[in-house]
Each structure stands twice: as C-alpha cells, then as structure tokens.
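Step one of this worksheet: look at the structure below.
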2 protein chains.
Amino acid sequence: MNDVSGTVPLHSPQHVEVLAALRSGRANSRAALANITGLSPTTVAARVDALIEQGHVVETGPGESRGGRRPRHLMIRGDAGLVGCIDLGVDRASFGLVDFAGELITERHAPLDIAADPRAVLSRALKILLDMVDEAKLAGHTRLRGISVGVPGPVSSATSRVISPSRMPGWNGVSVPELMRREIDLPILVNNDANLMAAGELLDGREPIGNQVLVKVGSGIGCGIVCGGALYTGSNGWAGDISHVVVPGAAAVPCSCGRTGCLDALASGNALVREMQVAGTNVQSVEEMIALAQDSHPLATGLLRNAGVMTGGVLATIVNFFNPERLVLGGVLADSSVFVAGVRATLYAECLPMATDQLSIDVAQFAATGGLRGAGRIFLDQLFSADGVRTSA
Amino acid sequence: MNDVSGTVPLHSPQHVEVLAALRSGRANSRAALANITGLSPTTVAARVDALIEQGHVVETGPGESRGGRRPRHLMIRGDAGLVGCIDLGVDRASFGLVDFAGELITERHAPLDIAADPRAVLSRALKILLDMVDEAKLAGHTRLRGISVGVPGPVSSATSRVISPSRMPGWNGVSVPELMRREIDLPILVNNDANLMAAGELLDGREPIGNQVLVKVGSGIGCGIVCGGALYTGSNGWAGDISHVVVPGAAAVPCSCGRTGCLDALASGNALVREMQVAGTNVQSVEEMIALAQDSHPLATGLLRNAGVMTGGVLATIVNFFNPERLVLGGVLADSSVFVAGVRATLYAECLPMATDQLSIDVAQFAATGGLRGAGRIFLDQLFSADGVRTSA
DNA sequence: CGGAGTTAGTCCAGTATTGCAGGAAGTTAG
DNA sequence: CTAACTTCCTGCAATACTGGACTAACTCCG
C-alpha cells in the first residue's frame with residue numbers, strides 16, 4: 001500500500017477536510033461527506049478515491065438504505081498506525097494504545113509515583129508502553145506513530161513545558177517531549193490530564209456539543225473546557241486550572257501554593273483523605289473513603305458532601321461566566337454520589353435559574369479511560385490536520 | 001452605483017472572505033489581502049474588481065512604499081449605508097450612527113428611564129435616532145440600513161428576547177426587534193450592553209487578540225467575552241453575566257434576584273451610591289462619588305476600593321478559569337483609579353503568578369462610545385457575512 | 001543617475017471544483 | 001411486477017482558482 005506519515009508529515013491540504021469529517025463520525029459515506037463539508041459530491045468522490053488509494057480510508061460495504069440506493073460506507077483505516085497514550089496520575093498511571101481510527105485497543109493501569117525523578121518516571125512509563133505495543137503487534141497491529149502524554153499539572157501551550165505543578169515535585173520546567181525523545185524518536189505531545197479527559201469525554205459524541213466543562217476531581221482538582229466544539233486551553237495553556245481558587249468562607253487550610261483556603265487544599269481527594277486521617281480513621285485512599293460513605297459512614301459522607309458543596313460553589317461562578325450547555329464530573333470523586341449531589345445542589349442554589357435550566361450535569365462515562373481516549377484523540381486531531389504533529393521544542 | 005443590500009440580503013459567498021479581511025483592518029491592498037486570506041493574488045484581484053464594480057469597495061490612491069511598488073489602497077465604502085446604534089442604560093441612553101466602514105459618524109447622549117414601558121422607551125429612542133439620521137443626511141450621508149440595540153440585561157441568543165433582567169422592570173420576555181419593527185421596517189439586532197462594549201473595545205485592534213474579558217461596571221455589573229478573536233455569548237446568550245455571583249465573606253445585602261451578597265448588590269454603581277446615602281451623604285450619582293474620591297473623601301474612597309476588591313475577587317476565579325491575555329475594565333467605575341487599583345491588587349493577590357504574569361489589565365479606551373462602536377461592529381459583521389442580517393423573531 | 005533589489009499587481013496556461021444531467025441501486029404502492 | 005420516487009454515486013462541460021512568469025513602480029546604494 002504505502003507508508004502513512006513519518007514523523008512530521010502532513011496530508012495534502014484538501015484531504016484534511018474530508019478526513020476530519022470522516023473522523024468526526026458525523027458522516028460515513030460520500031453523500032454524507034458532501035453534505036457536511038459543503039463540497040460537491042464530485043469533489044468528495046475524487047478526494048475519497050485519493051484517500052483510498054493512499055491507504056488512509058477503506059470502503060466497508062453497503063449501509064442501510066434510507067429509501068434509495070444504499071450508501072457505500074467509508075472508514076478511516078485503523079490499522080495504519082498506533083498512538084501510545086500515557087495518563088500520569090499522582091501515584092498511578094494509565095496506559096493505552098489507540099489505533100488510527102480512534103479506537104482504544106488496549107489499556108493497562110499501574111502504580112507509578114510521579115514524585116520520583118521525571119526522567120526515571122518517563123523512562124519507566126515508556127517501557128510499559130512499549131511492552132504493550134509488542135503484545136499488540138502479535139495481535140496483528142502496526143507501528144507506533146507517536147505518544148500522547150497527560151500530566152497532573154499545568155502545561156505551557158507555547159513550550160510544552162510543565163509549569164509550577166503543585167502535585168509534581170521536581171517537574172517545574174520539564175519538557176516531556178524533550179526527555180522522551182532522548183529515548184525514542186517519535187512525535188510526542190503533552191497535555192494537562194483534565195484537558196485530555198475533557199477531550200475524551202466531551203469530544204466523543206456523534207453530534208458534538210459546543211460549550212462544555214469537565215471537572216476532574218481526583219487526587220487534585222482540574223478542569224477541561226470545550227468551547228465552540230474544540231478543546232480550549234486559554235492563552236498560555238492553563239485555562240481551567242481552578243485548583244487555587246479561594247473557597248469562600250472555608251477553613252484556612254494551607255496550600256502548596258503558599259496561600260490558604262484553595263479549592264485543591266480543601267476539596268481534592270488528597271485533602272479529604274488527610275482530613276479522615278486527622279480525625280483518627282485509618283483511611284489510605286479516596287476509594288476507601290467513598291466505600292465508607294456508601295456504607296453511611298458519617299464523617300466520610302459529611303466530608304464528601306462538603307467537598308461537593310465547595311466545588312459547586314466555585315463552579316457556580318464558572319457556569320454564570322461561561323454559560324455552558326453541559327457540565328461533566330469526572331475523576332475518582334465523581335464515583336461518590338454524595339459528592340455529586342453536593343455539587344448539583346450548590347449549583348442549583350447559587351446560579352440563577354436562567355443559567356441552570358438548560359444545563360445538564362452529568363457524570364463522566366469513561367471513568368479510568370477518558371484520559372487515554374482524549375490523549376489519542378488529540379494526537380490524531382493533530383496528525384490528521386493540515387500541519388501534522390509538531391512536537392514543540 | 002447600485003443598491004447595497006436590502007433587508008436580508010447576502011453577499012456572494014466568496015466575496016465575504018475578502019470583505020471580512022478588509023474590514024478587519026489587517027489588510028488594505030490586494031497584496032495584503034492575498035497574504036492574510038491565503039488566496040492567490042490573482043483570485044484576490046478578481047474578487048476586489050467585482051467588489052469595486054458592485055460599489056462595496058473603493059480604491060483610495062496609493063499608499064506608502066515598503067521598498068517597492070506602492071500598494072493601491074482599498075477601503076470599504078462607508079457611504080453605502082448607516083447603522084443606527086442605541087445603547088440603553090438604566091437611566092440614560094447613547095445613540096450613534098456608524099457608517100458601513102465602521103466609523104462612528106455622530107453620537108448623542110440623553111436621559112431615558114428604562115423602567116418606563118418598553119414600547120414607549122423604544123419609541124422614544126427610535127425617534128431620537130431618526131432625528132440624528134435626518135441631520136446626518138443633510139451632511140450627505142445615505143440611508144439607514146438597520147438598527148443595533150444594547151440593553152442592560154440578559155438577551156437570549158435563540159429568541160433575542162430579554163430574559164429576567166434585574167435592572168429592567170417590565171422587560172422580561174420582551175423582544176426588542178419585534179417591538180421596533182412595528183414602527184420601522186428594518187433589520188434590528190439586540191444584545192447585552194456588556195457584550196456590545198466588549199465588541200467595541202476588544203475587537204477593534206489591528207492585530208486582534210484572541211482571548212479577552214471586558215468587565216463593565218456602571219449602574220450594574222456585566223461582562224463581555226472574546227474567545228478565539230470573536231465575541232462569545234455562551235450557549236444561551238448569557239455568558240459573562242456575573243451580576244449574581246456570590247461574593248465571599250461580604251455583607252448579606254439583599255439582591256433583586258432574591259438572594260443576598262451578589263456582586264451586583266455590593267459593588268455596582270447603584271449599590272455604592274445607596275451606601276453613600278445610607279451613610280448620610282447627599283450623593284446622587286456614581287460620578288459625584290468618584291469626584292469625591294478624587295478629593296480623598298474617606299468613605300467614597302473606601303467604598304470604591306472595596307468594590308474593586310470584591311470585583312477583583314470574582315474576576316480572579318474567571319482569570320484562573322479562562323486564562324485570557326487581556327482584561328479590560330469599562331463602565332463608569334473604570335474612571336475611578338481607586339476602584340481600578342482595588343481590582344488589580346486583588347487579581348495579583350488571588351491569582352497564581354502564572355496566571356497573571358502574561359495578563360494585561362487595562363482601562364477601556366472609548367468610555368461612553370464603546371457600546372455604540374460595538375453595536376455597529378456586530379451589525380456590520382452580520383451584514384457582511386455569508387448569511388446577512390437575520391433578525392430572529 | 002542607473003542598475004540591483006523589492007514590492008505590487010496582472011496575464012496565462014494548467015488544475016481543481018462545481019452544477020447538472022444522468023446512471024445505479026434501492027424502497028414503496030398499487 | 002411494474003411505475004414512481006428516493007438516495008447514492010459518477011460523467012462532462014463550464015467555471016474558479018492557482019502558480020509562475022511578467023510588467024509596473026518604487027527604494028537604495030554606489
């Protein structure tokens with residue numbers, strides 16, 4: 001057939017348009033493509049032929065008739081390559097392989113302490129990922145074309161460097177692409193974990209929704225934004241970083257940022273576990289705590305609800321300001337119904353009815369794989385764009 | 001020459017591209033147009049010729065040489081029509097005429113109580129506007145092609161109706177276009193006043209900045225958002241409505257929305273004047289109060305500073321969330337340096353350094369005419385777009 | 001002042017795109 | 001089992017767009 005893109009390849013300027021439409025899932029036949037791109041059927045046919053010729057697209061047999069001739073379904077060729085996805089958490093990491101069609105082929109979860117030396121952490125992560133690739137290859141899959149990494153801290157959109165991350169000691173100024181490329185010659189992308197989760201959870205639907213917010217409450221608190229149907233990362237890359245918003249009227253708990261009363265220091269998973277420990281319980285993780293709350297443990301329930309209320313209080317301002325149509329709660333704490341109820345109650349109490357009556361508040365659907373899916377999606381979005389994957393710096 | 005667009009006309013699909021580039025001010029010759037549109041010089045030349053033929057564009061003589069042949073400057077024909085702009089405030093209104101080139105030709109300011117019957121208010125506003133048109137016509141200007149109105153309350157983007165406006169008693173559910181079209185047969189646009197001011201202040205620059213926030217603090221508090229270089233109004237039209245965000249730890253002043261401690265009830269011009277009156281002073285307007293503060297009146301100064309601090313506290317969350325590159329303060333209170341200092345101080349104190357060190361915090365440049373300019377701009381943007389001006393219902 | 005270098009704009013032949021008129025392959029109704 | 005209608009896809013001639021060579025107009029420097 002041929003080789004599908006090397007390191008920084010690009011697709012012919014026009015074909016991107018058709019590819020993007022196909023990838024969006026909103027069109028899967030020549031006719032539908034013509035419809036949503038606005039191009040003429042003739043042009044679409046010509047471009048699709050070229051893409052098939054190049055091996056990017058395949059025809060997958062006839063679809064259902066809608067009262068006339070059956071459409072000949074088209075698909076992105078998934079087996080053209082793999083994207084390695086690494087979602088680094090504070091004390092564990094998730095790994096996945098996404099094929100070129102955007103499907104998550106395999107996943108793996110392993111403990112990994114991010115506080116260790118960045119180089120060692122990335123080295124270890126890369127090894128795990130490459131092991132997965134080896135196994136997948138046995139199953140007939142093709143080459144790894146790039147790696148997309150998520151980290152629990154702010155990432156500069158200009159330099160791809162991690163900046164002032166409160167949960168990643170030793171990582172300030174680190175460039176993940178730079179470090180990883182010392183070990184492997186592939187395009188590498190880094191992003192904040194909440195942004196990846198937003199991409200995975202919110203950009204997935206067939207009919208994409210324009211303005212949405214995803215709040216990830218795990219060890220820390222982060223938030224990813226979708227604006228106008230695309231991931232929004234702000235002017236410098238740290239849009240959505242609400243960790244250090246001061247919570248009105250809360251206790252003056254000291255925060256890693258040097259101030260007191262930050263949302264992260266009060267309502268994050270870490271903060272809650274510490275509170276449980278201070279109170280004398282033997283809780284080691286948020287999961288344990290949520291389990292306790294499900295058994296009506298008074299302290300755990302109270303703390304979780306209160307964390308929901310505090311988070312909801314901050315989100316109220318955001319909902320008023322941003323007027324999204326959908327708010328999604330993700331991360332470990334989203335598994336706690338008490339927490340979710342706290343968020344919902346506070347939002348409905350503190351926002352004007354106007355702002356909430358068209359708003360849907362949901363819980364993330366993909367749980368532990370949302371970040372991986374998002375990592376794959378973002379990489380592929382860039383790969384299948386007019387200028388290909390550029391690993392900055 | 002010919003007639004430039006009737007009521008709901010559209011320009012030929014392609015020409016919009018060139019027109020938009022010209023209107024943006026970032027290009028004023030064929031060569032520059034080719035540069036920023038990405039079209040070939042040949043195509044641009046052809047389209048410009050067509051536009052000149054149609055009377056939308058004129059050649060305005062040679063420009064400065066940049067080391068080679070001089071460019072032949074191009075301009076949108078301003079005299080092709082006028083847009084009537086009405087910026088309704090709580091107790092006064094501004095009126096302006098903007099020509100098709102986007103220049104504000106005339107302006108007028110008059111007292112007008114918005115609490116009166118909507119129909120009467122609009123009738124009176126229209127009369128003033130038409131008077132201005134008559135005068136302008138004597139000066140050689142052409143026909144009125146539409147009206148763009150700003151109101152101090154939320155406007156639904158779907159229906160163009162004013163919804164739950166706390167400062168506009170009797171206006172809930174009112175459709176300004178509908179009412180005005182009973183008196184005049186022209187396309188009418190309505191928008192929130194802060195959005196218009198944002199359009200006027202932030203979309204004006206030669207080199208447009210992507211993500212900005214304008215906060216208008218006058219009688220009330222509102223905020224307009226520019227995201228990705230375009231005005232952002234959210235999913236329903238009320239993005240930026242921060243009037244009813246609860247201010248942390250402030251007095252429980254009752255608000256028109258039925259709750260207590262809203263930003264609008266504490267830091268708006270109205271709230272401050274009332275505070276001054278409660279304290280026994282004889283202040284009647286924010287302007288008086290600002291004048292007092294400039295003479296170091298302790299209470300006025302203190303209240304203004306505190307209003308700045310409270311506003312800054314809310315904006316801190318927004319800056320963290322939205323990560324804009326620029327924040328602009330407008331409205332009457334932006335004339336008070338104490339207020340501005342309060343906002344600045346609080347932002348720098350409550351945001352992470354990361355979020356503020358690339359942020360510029362400015363004061364609006366157009367003062368009373370920002371809203372009018374924005375009204376004109378938004379109307380023209382729609383008129384010169386692929387689908388023309390649609391006055392929704 | 002006159003060539004070298006630059007920038008702006010135009011002419012022209014080749015290519016991409018479109019609109020439209022079919023053809024292909026269905027469904028539905030009688 | 002036609003006949004009428006839908007929907008999907010493909011020729012073909014007309015049209016729009018492009019890239020590159022060319023002209024025009026100007027600056028700069030020796």
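Throughout, protein chains are lettered first and strands after them, A, B, ... in sequence-line order, and every chain is numbered starting at 1.
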Rounded distance (Å) that lies between atom [atom2] of [N] and atom [atom1] of [X]:
| X | N | atom1 | atom2 | result |
| --- | --- | --- | --- | --- |
| Arg72(B) | dC26(D) | CZ | C1' | 15 Å |
| His73(A) | dC9(D) | NE2 | C1' | 14 Å |
| Leu33(A) | dT18(C) | CG | C1' | 17 Å |
| Glu59(A) | dC9(D) | CD | P | 8 Å |
| Leu74(A) | dC9(D) | CG | C1' | 11 Å |
| Arg66(B) | dT7(C) | CZ | C1' | 7 Å |
| Arg47(A) | dC9(D) | CZ | C1' | 17 Å |
| Asn35(B) | dG9(C) | CG | P | 11 Å |

Checklist entry - Is there a donor N/O on one and an acceptor N/O on the other, under 3.5 Å, for the side chain of Thr42(B) and the base of dG9(C)? => result no
Checklist outcome for this item: Regarding the side chain of Ser40(B), the nearest nucleotide among dT18(D), dT10(C), dT17(C) is dT18(D)
Checklist entry - Out of dG9(C), dT17(C), dC17(D), which has the shortest distance to the side chain of Pro71(B)? => result dG9(C)
Checklist outcome for this item: Sorted by position of nearest nucleotide on DNA chain D, 5' first, the leading residue of Arg69(A) and Asp49(A) is Arg69(A)
Checklist entry - Between CG of Leu19(B) and CZ of Phe100(B), what distance do you get to the nearest 0.5 Å? => result 11.0 Å
Checklist entry - Has the side chain of Ser29(A) got a donor or acceptor atom that lies under 3.5 Å from a matching backbone atom of His73(A)? => result no
Checklist entry - Would you say the side-chain atoms of Asn191(B) pair up with the backbone N or O of Leu196(B), donor to acceptor, closer than 3.5 Å? => result no
Next on the checklist: Contact between Val98(A) and Leu380(A) at the side-chain level, heavy atoms closer than 4.5 Å - yes or no?
Outcome noted: yes
Item to check | 5' precedence on DNA chain C between Pro41(A) and Gly67(A) (nearest-nucleotide basis) | outcome: Pro41(A)
Checklist entry - Quick one: is Arg70(B) getting a side-chain N or O under 4.0 Å of the dA8(C) phosphate, OP1 or OP2? => result no
Next on the checklist: Just N and O in the side chain of Ser65(B): are any of them under 4.0 Å from OP1 or OP2 of dC26(D)?
Outcome noted: no
Checklist entry - Looking at Arg30(A) and Glu59(A), does any basic side-chain N land under 4.0 Å from a carboxylate oxygen? => result yes
